[in-house]
Amino acid sequence: MTKDIEAAFRSAIGLLPDQVQRQRPPATPVPIVVASATENGTQFKVQAVPGRVDLFVEPVSNDPRSFPAFTDFGIIPESLSKAKAFCHSTGSSTYRQSFIVRLAKRLPDATGFGDEFVRILGVQNNLSGASDLVFQMNKIVRLGQYDINRVLKWAAEVAQFQQISFSPAMPGQPSGSLVGLAHFVSYVMDINTVPSGRAFDAGGQISVLEKLASVVQRCAGFESLGDVK
């Protein structure tokens with residue numbers, strides 16, 4: 001990983017980082033560097049530890065009553081473009097590359113979890129009232145010269161925002177109030193290479209990312225297990 005995280009961040013993301021945090025042992029088990037910037041409701045964050053670099057592209061919101069989300073799939077190719085640009089700063093990759101995307105469908109309340117999983121699984125079971133629902137599958141698929149893990153996971157989730165305030169009468173004792181509650185069925189696509197021991201320079205890493213992104217784009221269209229090939 002490049003020593004000049006700010007220059008690498010600006011080159012790949014096109015923004016100066018709003019903040020750069022560096023921690024070293026004994027504060028953390030390994031040295032860690034985090035650089036981030038926010039623009040137009042999107043936070044870009046790079047986290048680097050020895051041997052690994054993660055790029056996060058996440059929605060943000062200043063309204064505590066709303067849950068941040070992207071509204072279209074255009075963020076996927078945009079994220080790919082920035083990840084490819086960052087490959088020129090990461091050095092050789094010898095282990096694994098991943099492209100992870102999380103989609104979510106909001107439901108009016110928890111009573112919709114069961115019907116949504118009936119549709120996803122393509123079963124006739126009565127799942128009414130069920131809430132602790134998770135289904136995950138992993139299949140190794142061959143794509144050109146690469147073996148790729150295609151990990152797909154659906155889960156029922158309840159998300160909430162709480163507003164924390166400190167009472168002057170009780171210093172140091174926070175009080176919280178619920179300001180947002182939502183029910184989602186999340187769909188996570190974790191598309192990653194099977195470790196092969198091969199080393200990839202920047203060009204090789206970009207080629208792998210393009211392959212991973214092509215799988216993500218196909219998986220994003222899966223609405224039920226019947227779509228999974």
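Worth saying up front: this structure is predicted, and the values here are computed from it rather than measured.
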Would you please name every residue forming a side-chain contact (heavy atoms from CB on, under 4.5 Å) with Phe135, sequence neighbours left out?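 Testing Phe135 for side-chain contact (heavy atoms from CB on, under 4.5 Å), a comparison that skips the adjacent residues, returns Phe117, Leu121, Met137, Trp154, Leu225.
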
Nearest-0.5 Å distance, [atom1] of residue [X] to [atom2] of residue [Y]:
{"X": "Arg22", "Y": "Thr28", "atom1": "CZ", "atom2": "OG1", "result": "13.0 Å"}
{"X": "Ile140", "Y": "Asn149", "atom1": "CD1", "atom2": "CG", "result": "5.0 Å"}
{"X": "Phe99", "Y": "Ser214", "atom1": "CZ", "atom2": "OG", "result": "10.5 Å"}
{"X": "Ser98", "Y": "Leu209", "atom1": "OG", "atom2": "CG", "result": "9.5 Å"}
{"X": "Arg96", "Y": "Ser196", "atom1": "CZ", "atom2": "OG", "result": "10.5 Å"}

Do side-chain atoms of [X] reach the backbone of [Y] as a donor and acceptor pair under 3.5 angstrom?
{"X": "Asp227", "Y": "Ser224", "result": "yes"}
{"X": "Asn125", "Y": "Leu127", "result": "no"}
{"X": "Asp190", "Y": "Arg150", "result": "no"}
{"X": "Thr193", "Y": "Pro195", "result": "no"}
{"X": "Gln97", "Y": "Gln205", "result": "yes"}

So, Ser128 and Asn126: side-chain donor and acceptor under 3.5 Å apart, yes or no?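 Looking only at side-chain atoms, Asn126 and Ser128 do form a donor-acceptor pair, the distance falling under 3.5 Å.
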
Assess whether side-chain contact (heavy atoms from CB on, under 4.5 Å) is satisfied between Ile13 and Leu55, documenting all intermediate values. CA-CA 10 Å; Ile13 309 301; Leu55 168 63; 4.0 Å; yes

Does the side-chain contact (heavy atoms from CB on, under 4.5 Å) test come out yes or no for Phe70 and Asp72, once each step is laid out? CA-CA 6 Å; Phe70 297 118; Asp72 60 62; over 6 Å; no

Looking at every non-hydrogen atom in both residues, tell me the closest pair between [X] and [Y] and how far apart they are.
{"X": "Phe67", "Y": "Ala182", "result": "CE1-CB, 3.5 Å"}
{"X": "Ile191", "Y": "Cys219", "result": "CD1-SG, 4.3 Å"}
{"X": "Phe184", "Y": "Ala104", "result": "CD2-CB, 4.0 Å"}
{"X": "Ala202", "Y": "Cys87", "result": "CB-O, 3.7 Å"}
{"X": "Pro17", "Y": "Ala35", "result": "CB-CB, 4.1 Å"}
{"X": "Ala156", "Y": "Ser131", "result": "CB-O, 3.4 Å"}

Any side-chain heavy-atom pair from [X] and [Y] closer than 4.5 angstrom?
{"X": "Val20", "Y": "Glu6", "value": "yes"}
{"X": "Gln23", "Y": "Val34", "value": "no"}
{"X": "Leu107", "Y": "Phe113", "value": "yes"}
{"X": "Leu212", "Y": "Asn192", "value": "no"}
{"X": "Ser89", "Y": "Ser11", "value": "no"}
{"X": "Gln217", "Y": "Pro77", "value": "yes"}
{"X": "Glu223", "Y": "Arg119", "value": "yes"}
{"X": "Val151", "Y": "Met189", "value": "no"}

Please say yes or no: joined through hydrophobic side-chain contacts below 4.5 Å, possibly via intermediate residues, are [X] and [Y] part of one cluster?
{"X": "Val188", "Y": "Leu80", "answer": "no"}
{"X": "Leu152", "Y": "Val134", "answer": "no"}
{"X": "Val57", "Y": "Ile100", "answer": "no"}
{"X": "Val185", "Y": "Val123", "answer": "yes"}
{"X": "Ile75", "Y": "Phe44", "answer": "yes"}

Quick one, Val194 with Ile148, criterion side-chain contact (heavy atoms from CB on, under 4.5 Å). Give me CA distance, side-chain angles, the key distance, then yes/no. CA-CA 5 Å; Val194 176; Ile148 293 175; 5.9 Å; no

Output yes when Glu157 and Arg102 qualify as a salt bridge under the 4.0 Å nitrogen-oxygen rule, no when they do not.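 Yes.
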
Tell me every residue that passes salt bridge (charged side-chain N to carboxylate O under 4.0 Å, His left out) with Lys105, counting only those two or more places apart in sequence or in another chain.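 Lys105 satisfies salt bridge (charged side-chain N to carboxylate O under 4.0 Å, His left out) with Glu116 once adjacent residues are dropped.
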
With side-chain contact (heavy atoms from CB on, under 4.5 Å) as the test, would you mind laying out the steps for Ile5 and Val46 before giving the verdict? CA-CA 9 Å; Ile5 186 71; Val46 173; 4.0 Å; yes

Is Lys211 close enough and on-axis enough to Tyr146, meaning under 6.0 Å and within 45°, for cation-pi?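 No cation-pi geometry.
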
Using the six-membered ring of Tyr187, assess whether NZ or CZ of Lys153 lies under 6.0 Å from its centre and within 45 degrees of the ring axis.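 Judged by the rule, Lys153 and Tyr187 form no cation-pi pair.
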
Within 6.0 Å of CZ in Arg142, more than 12 heavy atoms from elsewhere: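 Yes.
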
For atom CG of Asp109, is the number of surrounding heavy atoms from other residues, nucleotides or ligands below 6.0 Å larger than 12?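 Atom CG in Asp109 is crowded, with more than 12 foreign heavy atoms closer than 6.0 Å.
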
